[in-house]
K.L.:
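Following this message is one structure expressed as structure tokens.
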Amino acid sequence: MCSHFYAFVLSLRFSPTMRPPPPLLPRIAASASATPPRRQRTVRPPMPPSPALLSSTPPPAAFVETPKPETTQQHPPTARRRLTLADEEWHPLPLSLAELSLPLTLPTGQTFLWRRTSLSPLRFTAAVGPHLVSLSHLPDDDRLAFLLHNDDPASSPSSSVAAARAALCDYLNAAVPLADLWVQFTAADARFAEVAARLGGGGARVLRQDPVECLFQFLCSSNNNIARIEKMVWTLAGYGERLGEVGGFVFHRFPTVERLARVSEQELREAGFGYRAKYVVGTAKELMAKPGGGAKWLALLRDRELLEVIEGLCTLPGVGPKVAACIALFSLDKNQAIPVDTHVWKVATQYMLPELAGKSLTPKLSIVVADAFVAKFGEYAGWAQNVLFIGQLPAKKLVATEVTSETAKPTKRKRATKMVEIQA
DNA sequence: CGGTAACCTGGGAT
DNA sequence: AATCCCAGGTTAC
């Protein structure tokens with residue numbers, strides 16, 4: 001039954017709507033599942049969430065931390081002495097700790113754009129669309145909250161708090177009830193239960209990123225390490241509009257495809273991209289040739305089937321099955337997509353398909369692995385895979401926290417880092 | 001169609 | 001100190 005879909009994928013390859021196929025070599029949808037997707041979802045994920053989770057509307061008054069309305073001035077006269085959360089105008093989001101753990105979601109390999117701008121309380125900052133936001137948890141509450149701090153107040157009037165909240169709920173995939181999934185996954189697989197327990201309480205959530213942003217990030221990820229990926233992605237972000245400075249980091253809105261298409265390969269090579277420089281430039285130009293400029297073409301993939309999505313993405317230079325699956329899962333609503341990399345391969349041969357141990361990972365075998373995940377975990381298999389992937393990361397690396405230069409006294413040129421174990 | 005070797009770079013291990 | 005190996009892969013033989 002696997003072969004049906006394999007043939008299906010090959011046929012898709014030559015779909016007239018796609019760019020002319022390269023000479024050969026079926027770079028098939030390695031991470032696609034052969035399981036026919038029932039009821040293809042379009043934009044919104046399945047599993048109707050509780051009304052309270054349906055966002056973009058302000059949360060109940062009980063969750064509002066600051067007594068004053070959001071339209072008041074940003075810094076009350078008495079705010080000099082102690083900057084509490086309230087003084088900074090944090091705005092609550094409808095996500096509990098069980099639904100979203102920041103350290104298990106932001107710095108664990110699905111995005112490379114967030115920066116830790118505070119250690120205690122733990123705080124992360126990044127641009128979400130045009131909004132420069134920090135995320136943290138309110139004290140004495142397990143609710144998440146965000147702080148909006150674009151440079152120019154005029155460009156972010158009070159109304160944009162609502163816009164930022166809506167953008168965040170979308171970005172954080174807030175409508176998908178993660179806690180329910182974990183119950184299901186824990187019952188389905190002992191290995192998942194073990195990893196989930198070790199990670200403590202849940203909250204490893206799959207994001208719903210902007211497809212352009214996601215694509216160019218994972219273009220940088222091939223045969224590479226996290227530190228350098230972050231550096232490269234940060235370089236790309238620098239081509240976008242400046243949004244502001246937080247914690248010593250200057251944040252930019254992620255650049256448009258059009259802007260990226262004007263960057264030269266040599267410029268990127270000098271920035272340390274290596275052979276990926278030509279992937280970035282090539283993909284940007286390839287996208288510009290699409291009707292609507294590429295961003296639209298990518299966005300429309302959200303309405304397509306997983307196999308077709310993988311197939312389409314693989315026409316872009318530098319995008320293979322694994323990177324395509326990452327983009328599908330982390331930005332295109334393809335919750336069944338399973339990025340099969342070395343870590344997932346290890347998990348699969350160790351716990352799920354021991355008969356494959358010792359073999360090398362081929363595109364066909366990664367389909368087998370993806371199928372095994374979907375057979376075990378179902379429609380949201382990609383979310384389970386994400387947790388198992390995190391479980392493969394070195395425990396000490398899960399929350400590697402940078403210490404600021406004033407407290408760290410780095411002995412060498414490189415930044416000192418301090419490892420902080422998660423939970424307790 | 002499966003196996004293999006380059007491909008840029010930088011950090012850590014030997 | 002010189003080399004090797006690896007890092008969430010993709011591409012070309």
Side-chain angles (χ1 to χ4, degrees), chain A residues 2-3 6-7 9-10 13 21-31 107-112 204 206-207 214-235 265-283 286 310-311 313-330 337-349 356 358-370 373 382 385-394 396-398 400 410 412-417 419:
Chain A
C2 213
S3 53
Y6 182 65
V9 170
L10 287 178
R13 217 178 156 64
L24 226 304
L25 188 83
R27 241 178 347 186
I28 39 154
S31 351
T108 47
Q110 54 178 323
T111 172
F112 306 92
V206 168
L207 297 171
C214 192
L215 164 59
F216 283 96
Q217 287 190 76
F218 281 97
L219 223 37
C220 300
S221 74
S222 72
N223 195 24
N224 207 350
N225 59 71
I226 303 282
R228 196 153 78 104
I229 296 170
E230 285 179 346
K231 184 182 162 205
M232 291 161 62
V233 165
W234 196 251
T235 298
E265 177 182 336
Q266 186 189 345
E267 192 174 348
L268 292 179
R269 279 193 175 264
E270 287 167 1
F273 278 60
Y275 59 83
R276 302 165 199 85
K278 65 179 180 298
Y279 294 164
V280 171
V281 176
T283 286
E286 193 89 34
I310 303 266
E311 196 58 19
L313 291 173
C314 283
T315 64
L316 300 169
V319 178
K322 187 270 176 182
V323 166
C326 285
I327 300 163
L329 177 61
F330 299 137
I338 309 293
V340 182
D341 57 33
T342 55
H343 289 180
V344 172
W345 175 246
K346 196 180 296 181
V347 172
T349 54
L356 296 182
K359 294 194 170 189
S360 64
L361 178 55
T362 64
K364 271 196 166 180
L365 284 183
S366 48
I367 291 185
V368 173
V369 171
F373 268 85
Q385 171 275 340
N386 185 48
V387 173
L388 293 178
F389 169 79
I390 294 172
Q392 286 297 113
L393 296 175
K396 286 172 194 165
K397 250 187 158 177
L398 277 178
K412 307 259 165 70
R413 248 168 25 99
K414 73 173 189 177
R415 288 178 307 217
T417 60
M419 303 305 185

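So you know, we letter chains A, B, ... as the sequences are listed, proteins then strands, and number each from 1. From a predicted model like this one, the values you see are computed outputs, not experimental measurements.
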K.L.:
State which of dT10(C), dG8(C), dC8(B) makes the closest approach to the side chain of R269(A).
P.N.:
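Nearest to the side chain of R269(A) among the choices is dC8(B).
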K.L.:
From the set dG3(B), dG8(C), dG9(C), return the single nucleotide nearest to any side-chain atom of Q385(A).
P.N.:
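Looking only at side-chain atoms, Q385(A) lies closest to dG8(C).
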K.L.:
Is it the case that dG8(C) (base atoms only) and K322(A) (side chain only) share a donor and an acceptor within less than 3.5 Å, ignoring hydrogens and angles?
P.N.:
yes
K.L.:
Enumerate, in order of first residue number, the stems that involve DNA chain C, defined as 3 or more consecutive Watson-Crick or G-U wobble pairs with both distances under 3.5 Å.
P.N.:
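The stems that DNA chain C takes part in, listed by first number, are B:3-7 with C:9-13, B:9-14 with C:2-7.
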K.L.:
Just do the side-chain contact (heavy atoms from CB on, under 4.5 Å) check on L316(A) and L219(A) with the steps written out, would you?
P.N.:
CA-CA 10 Å; L316(A) 300 169; L219(A) 223 37; over 6 Å; no
K.L.:
With the side chain of F389(A) defined as its heavy atoms from C-beta on, choose the nearest nucleotide among dG8(C), dC7(B), dG3(B).
P.N.:
dG8(C)
K.L.:
Given dC8(B), dT10(C), dG8(C), identify the nucleotide with an atom nearest to the side chain of N225(A).
P.N.:
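Nearest to the side chain of N225(A) among the choices is dG8(C).
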K.L.:
Mind running side-chain contact (heavy atoms from CB on, under 4.5 Å) on S221(A) and K322(A) for me, showing each step along the way?
P.N.:
CA-CA 10 Å; S221(A) 74; K322(A) 187 270 176 182; 4.3 Å; yes
K.L.:
I'd like a table of donor-acceptor pairs (distance under 3.5 Å, sequence neighbours excluded) in which one partner is a side-chain atom from residues 337-347 of chain A, with atom names and distances.
P.N.:
from: D341(A); atom 1: OD1; to: H343(A); atom 2: N; distance (Å): 2.7
from: D341(A); atom 1: OD1; to: V344(A); atom 2: N; distance (Å): 2.7

K.L.:
Indicate, yes or no, whether a donor-acceptor pair under 3.5 Å links the base of dG9(C) to the side chain of Y279(A).
P.N.:
no
K.L.:
Any idea how F330(A) and F218(A) line up, ring-wise: parallel (<30°), tilted (30 to 60°), or perpendicular (>60°)?
P.N.:
parallel
K.L.:
With no hydrogens and no angle check, is any side-chain donor or acceptor of E286(A) less than 3.5 Å from a backbone partner on P317(A)?
P.N.:
no
K.L.:
Would you indicate which nucleotide in dG3(B), dG8(C), dC7(B) comes nearest to any side-chain atom of H343(A)?
P.N.:
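Taking heavy atoms from C-beta onward, the closest nucleotide is dG8(C).
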